[in-house]
Amino acid sequence: MSEKDNAKTVNKRVLIIAAAVFIAVCSVILISNAIAEAKINKIAQSEDFTNLEGLSYDEAKEVLLSGDCGESILTDKEKKVDEKLAGLKADYTGAYDATVILDEKIWETQLYRFCKDIPKGADLHVHAGAMTTSWDYMEFLKSYDDIYVNTEFDFTKSTAGQDPLFQKFEEGEIPESYVNLNQGIISGTVDEEYLRSRFLLQNKPDSQGSWEYYNNIDDFCYENSDYECKKNMYRRAFEAYCDNGVMYVEPRLNLKAQKEKTVSRLNALLDAYSETKLEHPEFKVRVIASYNKGLSSDLEDTKARLVSAAELSKEVMDTSDTDNPSPFIVGIDLINEEDTSIDLDQYYDIIHAVTEINPELKITLHAGESLKVDNDNVIDAYLTGADRIGHALCLSRLPQLADRFAEEKITVELCPVSNNVFGYVPDLRSHPGIEFMRNGIPVVIGSDDPLEMCHEVMTDDFYLAILSWDLTLSDVKKICQNSIDYSFLNEKDKKELKENWSKKWDEFIEKYSS
């Protein structure tokens, strides 16, 4: 063999050995990473979360960063989408409050479109009368030819003493200050954009506080208990939910003094839901019967309304599955501005009297939506036996109770946009929701009152939560799964919804991983 051939043979052997060494090193790295990841996942999901023995510094740090929120383990495709989400978040340079979601430029960004496409599962915290956004509400009003608007209405003042903003009139009795809404928009007498913007708390006048203006907005709304009118408004809201990846809603329906009015609105919700299912068979709705917290003098009235709801919960059924009809009313709640209402402990006996009438009713309570350091309504809600709690901002000051929430899996309904516009959390990066998640408390995201604060129902809340709390795709997936797992659906419906959601999630991942 010549020296030239000998050199070729030696070089070939060197290349083979080098390649073998490279493959071996890569295999060791991959195996080591897999072992480390499995070790981290095992510790992060175990009860002994504080056990960091045997981990390297970087591994221990990753465990501590992941928290104990029961994160979902991601597939390879989901990891690609997670990387894409991280890149979209890194490009963000805006504010962390609810003013940004009213910026039209935001709606066209990749991150906003990503958030809209997320199969969000369920909205477990929303008020029925405010499910439509102000954009949809204006379209709803314009669908009627006989609605008139008060051109002399002063938005900087209380509604008390002013003629209603919207009214219906018979021909020949229309006051001079009112013009037909549709005709006024066409002629330019009515500024549609200005009128719509007045429904948003972000645009409240400086002369009024958030809650004061919020109550005024309720009075702005066209008040018509007509069944057909309510049904059409609810139908529009349900379509918007479907368009934003929401498959299940638990609207809170405020109980009226006259039972027949409550029944009319309940039937409007039920029929709007039935019509929606014709186009979206997987969509589901269940109702939370609610009434305002108030003064001690209102307790008997509150009891009467909730007792009526408990009786109705045995009568009104969702019969979309003819073989297995299900109760349409599945829970009760007490709502209203917390700092001006009596404490929840005053309602303990009332709530338990109601659940004795129908033990199947679940309890979710507004509590801890306050800035007062002595607010202890979250404790009262816990002792009352609440299955879920709305807002619970004050829970961050009660570590022992927070531990019980985590241990007993009491769910917190987070409403980031609402908490910001009402002034409870001016910068959403300091919202305690992420703290709850990392400490193992089940959390879901709710829209609360889209009419008064949102452009797209639920999408806005997910958008701000993802940015403000630096959520990973694993976090997002867990929040969506929680919204089904901790809903008040029966187990059969819950299983069906989970299966349908999983299919939607897989389609979402396929779209963004390609």
Tell me whether the centres of the aromatic rings in [X] and [Y] are closer together than 6.0 Å.
X	Y	result
Y248	Y241	no
F140	Y234	no
F155	F220	yes
F238	Y273	no

Sub-3.5 Å donor-acceptor pair from the side chain of [X] to the main-chain atoms of [Y], do we have one?
X	Y	result
R388	Y486	yes
S468	L464	yes
E250	F488	yes
N215	W211	yes
K142	N182	no
T355	I351	yes
N244	M458	no
D333	H366	yes
K120	K116	yes
Q208	T156	yes

Salt-bridge test for [X] and [Y]: reply yes if a basic N is under 4.0 Å from a carboxylate O, no otherwise.
X	Y	result
D485	K498	yes
D318	K284	no
R235	E239	yes
K231	D271	no
R196	E193	yes
E413	R252	yes
K293	D298	no
K303	D349	no
R305	E300	no

Can you name the closest pair of heavy atoms from [X] and [Y] and give their distance?
X	Y	answer
Q202	A98	NE2-O, 3.1 Å
L428	P416	CD2-O, 3.3 Å
P450	A130	CD-O, 2.9 Å

[atom1]-[atom2] distance between [X] and [Y], expressed to the nearest 0.5 angstrom:
X	Y	atom1	atom2	answer
T159	D154	OG1	CG	11.5 Å
L200	M453	CG	CE	9.0 Å
D339	N375	CG	CG	6.5 Å
D449	T133	CG	OG1	12.5 Å
M138	T132	CE	OG1	11.5 Å
K261	N254	NZ	CG	13.0 Å

Open item on the list: Which residues pass the ring-ring contact (aromatic ring centres under 6.0 Å, His included) test with H352, not counting sequence neighbours?
Closed with: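 Checked H352 against ring-ring contact (aromatic ring centres under 6.0 Å, His included); matches are Y348.
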- [ ] State which residues pass ring-ring contact (aromatic ring centres under 6.0 Å, His included) with Y148; sequence neighbours excluded, sorted by chain then number.
- [x]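 For Y148, the residues satisfying ring-ring contact (aromatic ring centres under 6.0 Å, His included) (neighbours in sequence not counted) are F169.
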Task: Derivation and outcome, side chain to side chain donor-acceptor pair (under 3.5 Å), residues H391 and N419 - done: CA-CA 8 Å; H391 302 291; N419 296 155; 3.1 Å; yes
- [ ] Decide yes or no on side chain to side chain donor-acceptor pair (under 3.5 Å) for S447 and D123, but give the supporting numbers first.
- [x] CA-CA 7 Å; S447 62; D123 186 351; 2.5 Å; yes
- [ ] Taking side-chain hydrogen bond (donor to acceptor under 3.5 Å, both in side chains) as the test, write out the residues that go with K204, two or more places apart.
- [x]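 K204: no side-chain hydrogen bond (donor to acceptor under 3.5 Å, both in side chains) contacts found.
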Can you find a side-chain donor-acceptor pair between [X] and [Y] that sits under 3.5 Å?
X	Y	value
S326	N490	yes
Y291	D301	yes
E456	Y463	no
D460	Y112	yes

Task: Trace of the ring pair (Phe, Tyr, Trp, His ring centres under 6.0 Å) decision for F422 with Y214 - done: CA-CA 9 Å; F422 276 108; Y214 171 80; 5.4 Å; yes
TODO: List the steps, then state whether side chain to side chain donor-acceptor pair (under 3.5 Å) holds for Y213 with E452.
DONE: CA-CA 10 Å; Y213 194 68; E452 289 93 351; over 6 Å; no
TODO: Evaluate the side-chain contact (heavy atoms from CB on, under 4.5 Å) criterion for residues N482 and T411: first the C-alpha distance (whole Å), next the side-chain angles of each, then the deciding distance (0.1 Å), finally the verdict.
DONE: CA-CA 9 Å; N482 282 347; T411 309; 5.7 Å; no
